[in-house]
Protein chains: 2
Amino acid sequence: MPDGTQKKPSRIQQRNRHLILDAALDVFSAHGYRGATLDQIAEAAGLSKPNILYYFSGKEEIHVTLLSQLMETWLDPLVEMDADGDPMTELLGYVNRKLDMARDLPRQSRLFAGEILQGAPRMHPHLMADLKPLFDEKCSVIQGWVDAGKLAPVDPGHLIFSIWSTTQHYADFDAQVRVLSSGDTMDGARKHLNTLFERLLAP
Amino acid sequence: MPDGTQKKPSRIQQRNRHLILDAALDVFSAHGYRGATLDQIAEAAGLSKPNILYYFSGKEEIHVTLLSQLMETWLDPLVEMDADGDPMTELLGYVNRKLDMARDLPRQSRLFAGEILQGAPRMHPHLMADLKPLFDEKCSVIQGWVDAGKLAPVDPGHLIFSIWSTTQHYADFDAQVRVLSSGDTMDGARKHLNTLFERLLAP
DNA sequence: TCACTTTTTGACCAATTGGTAAAGACACGA
DNA sequence: TCGTGTCTTTACCAATTGGTCAAAAAGTGA
């Protein structure tokens with residue numbers, strides 16, 4: 001088995017681990033943890049099942065690896081929100097970055113949503129360790145902006161929830177959105193959400 | 001087996017079908033379709049597995065029954081939105097009714113979310129047949145309000161998406177919300193969402 | 001080329017899962 | 001009380017699933 005403690009993963013190891021994780025993202029995001037099978041992942045990756053288990057110790061390790069990687073990507077746009085910038089610009093920028101992610105990384109969004117939906121059994125520690133402190137910090141920043149009169153009074157926590165829910169909706173509920181709307185969904189969504197949060201936040 | 005074509009389901013049939021559906025709602029909403037097992041449902045219902053299959057022809061029929069029942073409940077608050085009422089009152093009323101549902105029926109919300117998240121494999125027909133016409137109708141109503149100058153210009157479809165996403169977020173992402181907030185979440189949510197939509201929609 | 005390591009595979013489990021068959025327990029009107 | 005239809009259980013499948021193992025194949029450096 002590939003020794004995790006060694007420094008240099010071979011070219012082949014890098015390629016195959018990447019193939020597996022990408023295939024697993026497809027399968028897990030489409031069917032959920034329990035609904036995904038190693039056979040499906042193996043076929044999507046173009047490898048045999050035992051070969052997959054040569055690179056990962058089991059189904060759960062693949063899932064956890066995916067979730068860990070996801071956490072970084074997920075927090076990134078929020079990290080970028082700058083306490084010293086213009087409040088409205090920063091917040092609308094955050095909204096638009098989240099909307100970009102819903103458009104460009106829908107599989108990741110659905111993987112995350114599925115995990116939370118089922119009570120975050122595998123992600124709870126990550127939420128506590130990584131998300132919570134960042135969330136609290138950014139809430140303080142927003143509260144500071146409100147106190148300085150640069151934003152209309154708003155509950156920072158619920159504001160962030162609103163940004164998350166409205167943007168991720170277009171990835172997570174895509175099947176529903178597609179039934180109900182025709183054509184240029186994302187353009188309309190962007191315009192609508194910018195208006196929504198601008199009107200909410202203008203002092 | 002209980003003949004579905006007959007008029008009178010016995011007292012026992014009613015009770016047991018109800019027991020099964022309630023247990024299944026627990027299990028399906030917590031683990032998703034594939035993640036739920038008949039044994040779990042049977043145990044939660046306090047019946048044996050073959051006994052469950054005496055009342056339902058299989059796992060899928062239980063799920064579909066649940067989804068069909070859910071559709072009615074789910075559309076109800078939107079049906080109630082009255083074209084002849086005061087636009088702002090009607091829309092805020094809708095927001096608050098959806099928030100009530102997120103608070104009182106989180107299992108149903110999660111069952112629905114899980115189904116959509118996985119591409120609505122079993123619900124797509126229902127969405128087309130029931131949800132779509134209602135959605136279109138209410139979009140027209142809202143557009144009428146906008147045209148009459150009673151609301152700020154807004155895209156009706158995306159407005160409805162925003163209402164759905166922000167309210168259901170508190171049920172579907174409950175695990176995350178609970179990590180991040182303390183105590184009186186629902187009260188704060190209600191105040192925040194009323195402000196948000198009032199500010200968006202005030203002409 | 002050869003020895004040695006890394007990668008891949010085919011054959012195989014044990015456990016779980018959705019589902020069945022048939023016998024038994026129960027309810028209830030005559 | 002009996003007989004008939006409703007309900008429940010015991011015992012069982014066949015298929016799927018996550019995972020193992022030893023051996024074969026493919027690289028790799030000298």
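Chain identifiers are assigned alphabetically (A, B, ...) following the order of the sequence lines, protein sequences preceding nucleic acid strands; residue numbering begins at 1 within each chain.
When distances run from any side-chain atom of B:Arg34 to the nucleotides C:dG19, D:dT17, D:dG18, the shortest one goes to D:dT17. Checking C:dG19, D:dG18, D:dC7 against the side-chain heavy atoms of B:Leu38 singles out C:dG19 as nearest. Here D:dT20 is the nucleotide among C:dT20, C:dT9, D:dT20 with the atom lying nearest to any side-chain atom of A:Leu53. Closest to the B:Pro50 side chain, of the nucleotides C:dT9, C:dG18, D:dT10, is D:dT10. Comparing atom distances between the B:Tyr54 side chain and each of C:dT7, D:dC7, D:dG19 picks out D:dC7 as nearest.
We find that OH of B:Tyr55 is positioned 18 Å from C1' of C:dT20, with the value rounded to whole Å. The distance between atom CD of B:Gln14 and atom C1' of D:dC7, rounded to the nearest whole Å, is 16 Å. Straight-line distance from the NZ atom of A:Lys59 to the P atom of D:dT20: 15 Å, rounded to whole Å. Rounded to whole Å, atom C1' of D:dT9 lies 13 Å from atom CD1 of B:Ile52. The distance between atom NE2 of A:His31 and atom C1' of D:dT16, rounded to the nearest whole Å, is 15 Å. Going from atom CD of A:Glu60 over to atom P of D:dT17 covers 18 Å, rounded to whole Å. Rounded to an integer number of Å, the gap from A:Lys49 NZ to C:dC12 P is 15 Å. One atom, CG of B:Asp39, and another, P of C:dT20, lie 15 Å apart when rounded to the nearest Å.
In this structure, B:Gln13 does not reach the D:dT6 phosphate: none of its side-chain N or O atoms is under 4.0 Å from OP1 or OP2. Between A:Ser48 and C:dT9 there is a side-chain N or O to OP1 or OP2 distance below 4.0 Å. Listed pair B:Asn16 / D:dT8 meets the phosphate criterion, a side-chain N or O lying under 4.0 Å from OP1 or OP2. Phosphate proximity of D:dT9 to B:Asn51: present, with a side-chain N or O under 4.0 Å from OP1 or OP2.
The two residues B:Met88 and B:Ala202 come nearest to each other via the heavy atoms CE-N, 3.5 Å.
Here A:Asp174 pairs with A:Arg178 in a salt bridge; the nearest charged N to carboxylate O distance falls below 4.0 Å.
Here B:Ala42 lies out of heavy-atom contact (under 4.0 Å) with every strand.
With contacts defined as side-chain heavy-atom distances shorter than 4.5 Å, the pair B:Leu200/B:Leu159 qualifies. Contact check for B:Ile142 versus B:Met81: side-chain heavy atoms found under the 4.5 Å cut-off.
Nearest-nucleotide assignment on DNA chain C puts the 5′-proximal partner with A:Gly46, out of B:Gly35 and A:Gly46. Take the nearest nucleotide of DNA chain D for A:Ser57 and for A:Thr37: the residue whose nucleotide is more 5' is A:Thr37.
The ring pair (Phe, Tyr, Trp, His ring centres under 6.0 Å) search around A:His31 returns none, not counting sequence neighbours.
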